[in-house]
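So the structure is just underneath, and the comments pick up after that.
Fair warning: this is a prediction, and the values are worked out from it, not measured in the lab. So you know, we letter chains A, B, ... as the sequences are listed, proteins then strands, and number each from 1.
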Amino acid sequence: MTNREIATTLQTIADLLEIKGESRFRVGAYRRAAESLLNLGRDVADVRREGALEAVPGVGEAIALKVGELLDTGRLVYLETLEAEVPRSLTQLLGVPDLGPKKIKLFWEKAGVTDLAALEAAAKAGTLRDLPGMGPKSEAKLLEGLASLARRSGRTPLGRALPAAEAQLERLRAVPGVVRAEAVGSLRRRRETVGDLDLLVAASDPTAAMDAFTGQASVARVLGRGDTKASVEFQDGLRAQLWVHPPERFGTALVHATGSKEHNVALRERALARGLSLSEHALTPTDGGPEILLATEEEVHRALGLPYIPPELREATGEIRAAERGALPERLEVEHVRAALHNHSTWSDGKATIREMAEGAIARGYRVLAITDHSFGLGIAQGVDAEGLLRQRREIDAVQQELGDRLQLLQGIEVEIRADGTLDLPDDVLEALDVVVASLHVALRQPREQVTARALAALRNPHVDILGHPTGRLLPDREGADLDMDAVLSAARETGTALEINANPRRLDLPDVYVRRAMELGVMLSINTDAHRVEHYDFLSFGVDVARRGWVPPEAVINTWATERLVGWLGERKG
DNA sequence: GCCGTTTTCGGCCCGACTGTTTTCAGTCG
């Protein structure tokens, strides 16, 4: 079983226990363990072989036993017993907005509701209206929630959510009295997909900002509105939430709204241990002293005895402990990236000439640009062959002449890793190039052993410098190849090959959890936009965000190195 | 069910908002 499958099983247990009315702490324990497995970055089966299951955060004796049973038998007797008690189909009801475990239990016990269809039928028949705590408004809200569930299509990719949020922020910043407006929540933490858009505004009087937010033409429905918080659903089904807090409380508000929830819990526990209660409004001494107002996040962290913790690390995966020890990674900035090592031109499926790509790179402050068109084997991209590469070299030399020392051009290739694991250009051709990116595009659905063997063969080819977009996934829907990622990472370290963080928002590949594992193992990384046109260079910040989420310091990214060092490294790899 | 420079047992964040309620429960983040 995969980590994801085991995590899903633990989530199901949590759901069933919650509906059953079990202790919320026990429920939370299963959820924490599930989250922990998803963040592990390596196969839980390997961790178990090392006897280290209980070293995984949130996994204790009881859950370790259950994980072991799942790994050994693919089944879990505990879950089967639970399902005999509480119908599993009830868990789908938890996805309905504003419907939680208490009411689900009520509907199940008092109205015989066991799934979504039965819920809708019961609500329409009016049989839920008279249950305790229910009423006509609750019934209408429930029906609306069901309709909304049918309209929505899961989480929104960061690449779509970020521009939508920017448009909202621009609108809010224009409102009189608004001092600041920021995207918060998982968006600010730069998770690869987000649920709702979370926005935070600093203003002494919330009314104008709230009005501007809820009154837009694109708003289909106002879901709620209070003194400090409003939420809406746009016509396209996307939901957004706005908090408004006064500027002098913006620090605590920003910490609160950025999350993650688990990170906030850890921060608040830390505050309590210091005799302080932390909320979005203020830090308040528990002995009854006056509120301490904090306008910036830096002040909040300082008040808790911590250095600043950047948003993308706030996932409750050890960042507070690391901050305490002064062991947070040096933060990677877009400006650190000086080399673009994976780019296309009109020689394959790119839309810009080498010259145009070069000018675009200079405009963005790059010092090194590698042209890495597709090799000819990838049919859809009309790649270059050995003879084409010779002609392309002459063009690159000519453009280099014109550019002088404004930019160093490199000639490379994105060479296809074929279904049989060979590369579709011979070694002597690869050897003559400055940089070689090897990528999987075809036969991604091969069995684990087979597709892993292809990646390993590419990594072990001495001419390959970078493994491009390692998993081949496409967000939000196409899963990547079923790679044995620890084997891939180990081979990358052994051979000194860099793994790519592909910054295209549809890829974000290597995914952040494996990036963090790569850092544990000492693997080098290369952040590239895979630009097919000049504007694609602007994807870079997405790649930097993935690296930050993976605790990557600038030093571990070959694109940050000074030109001589980078070119020297590429040269040495030629032997 | 997990976890420990306050604990191996007794804790395990904090508040907004809504809809049902005469003071609170449920849900959300």
Side-chain angles (χ1 to χ4, degrees), chain A residues 10 13-14 17-19 21-36 53-67 78 93-107 128-142 144-145 184-187 189 194-200 206 210 222-231 239-245 249 252-253 255-284 286 304-305 316 321 324:
Chain A
L10 296 178
I13 292 173
L17 289 175
E18 200 174 23
I19 292 168
E22 268 280 0
S23 147
R24 62 195 169 97
F25 301 112
R26 177 176 293 181
V27 172
Y30 279 100
R31 294 207 200 286
R32 267 201 311 283
E35 192 64 26
S36 203
L53 264 188
E54 290 187 44
V56 174
V59 176
E61 197 182 342
I63 292 182
L65 275 172
K66 293 182 173 73
V67 170
Y78 176 73
L93 272 56
L94 287 167
V96 180
D98 303 316
L99 185 57
K102 299 279 167 55
K103 287 205 170 140
I104 291 173
K105 182 166 195 261
L106 179 75
F107 298 162
L128 304 178
R129 190 184 308 162
D130 300 323
L131 294 174
M134 289 292 292
K137 282 193 181 175
S138 303
E139 182 191 80
K141 200 170 177 180
L142 182 57
E144 183 48 48
V184 289
S186 49
L187 201 59
R189 303 199 308 280
V194 305
D196 304 345
L197 297 186
D198 292 318
L199 309 165
L200 173 66
M210 293 271 204
V222 177
L223 302 168
R225 174 167 174 171
D227 295 335
T228 63
K229 210 168 108 179
S231 56
R239 289 182 170 209
Q241 181 164 238
L242 173 72
W243 284 270
V244 184
H245 285 270
R249 299 177 187 267
T252 43
V255 166
H256 170 80
T258 300
S260 67
K261 186 174 183 291
E262 294 73 20
H263 171 89
N264 285 349
V265 168
L267 270 190
R268 286 170 178 162
E269 283 172 350
R270 183 181 177 87
L272 281 177
R274 295 166 175 249
L276 297 161
S277 171
L278 174 64
S279 80
E280 59 264 54
H281 304 292
L283 200 55
T284 312
T286 46
L304 299 176
R321 203 173 293 232
E324 223 166 30

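Put simply, A/S231 has no side-chain N or O that comes within less than 4.0 Å of OP1 or OP2 on B/dC17. Contact between the side-chain N/O atoms of A/H263 and the OP1/OP2 oxygens of B/dC13 is not found at any separation under 4.0 Å. Contact annotation: A/K66 side-chain N/O to B/dG1 OP1/OP2 distance is under 4.0 Å. Phosphate proximity of B/dG1 to A/R26: present, with a side-chain N or O under 4.0 Å from OP1 or OP2. An OP1 or OP2 oxygen of B/dA16 is reached within less than 4.0 angstrom by no side-chain nitrogen or oxygen of A/T228.
Using a 4.0 Å cut-off between a side-chain N of Lys or Arg and a carboxylate O of Asp or Glu, A/E280 and A/K229 do not qualify as a salt bridge. The existence of a salt bridge linking A/R31 and A/E18 is confirmed by a sub-4.0 Å separation between a basic side-chain nitrogen and an acidic carboxylate oxygen.
Nucleotides B/dT8 and B/dG1 have their C1' atoms positioned 14 Å apart, rounded to a whole Å. A gap of 13 Å separates the P atoms of B/dT7 and B/dG11, to the nearest Å. Taking atom C1' on both nucleotides, B/dG26 is separated from B/dT20 by 10 Å, rounded to a whole Å. When the C1' atom is used for both B/dC12 and B/dC17, the distance is 25 Å, rounded to whole Å. Here the separation of B/dG10 from B/dT6, taken at their C1' atoms, is 12 Å to the nearest Å. For B/dG4 and B/dC13, the P atoms lie 15 Å apart once the distance is rounded to whole Å. B/dT27 and B/dT21 have their P atoms separated by 15 Å, given to the nearest Å.
Mapping A/D196 and A/P136 onto DNA chain B via the closest heavy atom, the residue that lands nearer the 5' end is A/P136. DNA chain B is contacted by both A/R268 and A/M210; A/R268 maps to the nucleotide lying nearer its 5′ end (nearest heavy atom per residue).
Ranking B/dG1, B/dA16, B/dC13 by closeness to the A/R32 side chain, first place goes to B/dG1. Considering only the side chain of A/K229, B/dC17 comes nearest among B/dT20, B/dG1, B/dC17. With distances taken from any side-chain atom of A/A62 to the nucleotides B/dC2, B/dG19, B/dG4, the minimum falls on B/dC2.
Evaluation of A/F25 against the base of B/dC12 yields a stacking contact (centre distance < 5.5 Å, interplanar angle < 30°).
Between the OG atom in A/S231 and the CG atom in A/L242 there is a gap of 9.5 Å [rounded to 0.5 Å].
Aromatic ring pairs are classed by plane angle as parallel below 30°, tilted from 30° to 60° and perpendicular above 60°; the pair A/Y78 and A/Y30 is parallel.
Proximity of A/V96 to A/I104: side-chain heavy atoms (C-beta onward) are nowhere separated by under 4.5 Å. Side-chain contact between A/D196 and A/Q241 is absent, with no heavy-atom pair separated by less than 4.5 Å.
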Each nucleotide of nucleotides 22-27 of chain B classed B (base within 4.0 Å of a protein heavy atom), S (only sugar-phosphate) or -, in 5' to 3' order, makes ----SS

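Within 6.0 Å of the CZ atom in A/R274, the count of heavy atoms belonging to other residues, nucleotides or ligands exceeds 12.
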